[in-house]
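What you see is a predicted model, and the numbers here were worked out from it, not measured in a lab. Chain letters run A, B, ... following the sequence lines, proteins first and then strands; every chain starts at 1.
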2 protein chains.
Amino acid sequence: MPASGATTRSSAKRDALLDTAEGLFARHGYRAVGIDTVLAEAGVAKMTLYKHFRSKEELIAAVLERRSNAIAAGLAKRIAAAPEDPGTRLLAVFDWLEQAVRSPQFHGCLFIKAASEYPAAEDLPRQAAEAFKGGCRDLLEGLCRDLAVADPEGLARQLQLLFEGALVVAFLQRTPLAGADARRAAEALLAWAPRAGEATGEPR
Amino acid sequence: MPASGATTRSSAKRDALLDTAEGLFARHGYRAVGIDTVLAEAGVAKMTLYKHFRSKEELIAAVLERRSNAIAAGLAKRIAAAPEDPGTRLLAVFDWLEQAVRSPQFHGCLFIKAASEYPAAEDLPRQAAEAFKGGCRDLLEGLCRDLAVADPEGLARQLQLLFEGALVVAFLQRTPLAGADARRAAEALLAWAPRAGEATGEPR
DNA sequence: TAGTGAGTAGACAGAACGGTCTGCTACCTT
DNA sequence: AAGGTAGCAGACCGTTCTGTCTACTCACTA
């Protein structure tokens, strides 16, 4: 065995499993895809799967965990590449969104679907989804705080509605238009949002 | 047999099946609930189910169809009860939304979940979901057209993002806050939207 | 009163499910 | 050369799934 000692992390087979599972789950759903299908497409033996994951639910959770990290990295990169202006940085999130829903690999949000299929509070996929979406809200909240608006938390929650809505509409209507629509709406909300210190209520 | 001659429409057992199925599907998901579970809770024999519906997928489609009609009726009633003012009538949709996600019976949007679990274009549940969400967009579009804005279709699409986003966030975050947030954001988009005849771009 | 249609219970088929187990190979390190 | 480890194939278990079938019971009505 090379370098690493942990038995569970970073194996070629494990990665193949995660890759294949992610693709199949994204296209067909979680419960619709059996373990045997994943194994056949990944070219991996059943015992190998159960050496790396205790159950199908744990495999799903691992897929979501990995995807969550990848998305966080992609978003962070895009934000870092944006100019200093806080408004532009915030809109970079929606640029990322637009590109994400336009990709041919996009088949709806893995996390929303996971929570739909495993809705109980004790289900691992639901917990992963909740954590991820909570992280998205926190990210938006942080960006909004740099924005000198009166109610950054409220604005962040509104922006998240656009974000999630675009994911759903792009999936359901099969139109990538939703990405651009969300961006424009986000600009509008930003423009309309009361600045800090201003009186609440209709700003001009 | 009383009055009606059709064998498929309006039977007490059929309604019991739809009621039970809707509740179970909403709480646990479609594939997670077997027909035997539905039958047991509804107190109906298996053959009766298959006399009314050709398959489980058709049962799901019938549930969605009925729910779609109920929602359309609820929305129409709320809009009809609103004052003449087009803006207020449009916001009535978000009033309905707020009340819907606050209800204890709310467990996420049945249609989004259906499309998640049966994502293929030929699947009946997905078709029902697409039709329903298309109808929602058309409804919003009609209301936006009464509004004398420059781009009613675009505004309607933006509002739908808020609508779907609120459904998702309310489900995932288990917070009814999303309803009120969506309504406030909708007001903002309305206020910000360029009026017909005005030059496009930043108003004022 | 005879017949018809809706509904029932429950057995059944056939497949797919998640998960376990045994034994085997191949490789790498000591 | 020995031993440990990762992975393999594939049989296997019990359960659950959708959907079919038979044989029976009501209630109503012509």
| task | For side-chain contact (heavy atoms from CB on, under 4.5 Å), just list the numbers for B:Ile35 and B:Tyr50, CA-CA rounded to whole Å, side-chain angles, deciding distance to a tenth of an Å, and then say yes or no. | result | CA-CA 10 Å; B:Ile35 50 169; B:Tyr50 282 100; 3.1 Å; yes

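- Side-chain atoms of B:Leu161 and A:Leu161, non-hydrogen and from C-beta on, never get closer than 4.5 Å to each other.
- One can place CG of A:Leu49 at 11 Å from P of C:dT20, the figure rounded to the nearest angstrom.
- With a 6.0 Å cutoff to the six-membered ring centre and a 45° limit on the axis angle, A:Arg137 does not count as a cation-pi contact of A:Phe163.
- Across the protein-nucleic acid pair, B:Ile35 atom CD1 and D:dG19 atom P stand 6 Å apart, rounded to whole Å.
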Shorter than 3.5 Å, N or O on both sides, protein versus nucleotides 8-10 of chain D: list them out with atom names.
residue : atom : partner : partner atom : Å
D:dC8   : OP1  : A:Lys13 : NZ           : 2.5
D:dC8   : OP1  : A:Gly43 : O            : 3.4
D:dC8   : OP2  : A:Ala45 : N            : 3.2
D:dC8   : OP2  : A:Thr48 : OG1          : 2.9

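- Rounded to whole Å, the distance from CG on A:Leu24 to P on C:dC17 is 12 Å.
- For A:Ser11 and D:dT5, the shortest distance from a side-chain N or O to OP1 or OP2 is not below 4.0 Å.
- Looking at heavy atoms from C-beta onward, B:Gln173 lies out of side-chain contact with A:Arg157 at the 4.5 angstrom threshold.
- B:Asp19 pairs in a salt bridge (charged side-chain N to carboxylate O under 4.0 Å, His left out) with only one of the listed residues (B:Arg14, B:Lys13, B:Arg66), which is B:Arg66.
- Taking atom OH of A:Tyr50 as the reference point, atom P of C:dC17 lies 11 Å away to the nearest angstrom.
- A straight line from CG of B:Leu17 to P of C:dT8 spans 9 Å, rounded to a whole angstrom.
- In this structure, B:His52 does not reach the C:dA6 phosphate: none of its side-chain N or O atoms is under 4.0 Å from OP1 or OP2.
- A cation-pi arrangement is absent between A:Arg184 and A:Phe94 under the rule of less than 6.0 angstrom and at most 45 degrees off the ring axis.
- Whole-Å rounding puts the B:Glu57 CD to D:dT18 C1' distance at 12 Å.
- Regarding A:Phe53, its CZ atom lies at a distance of 15 Å from the P atom of C:dG18, rounded to whole Å.
- The CG-P distance, from B:Leu39 to D:dT20, rounds to 14 Å in whole Å.
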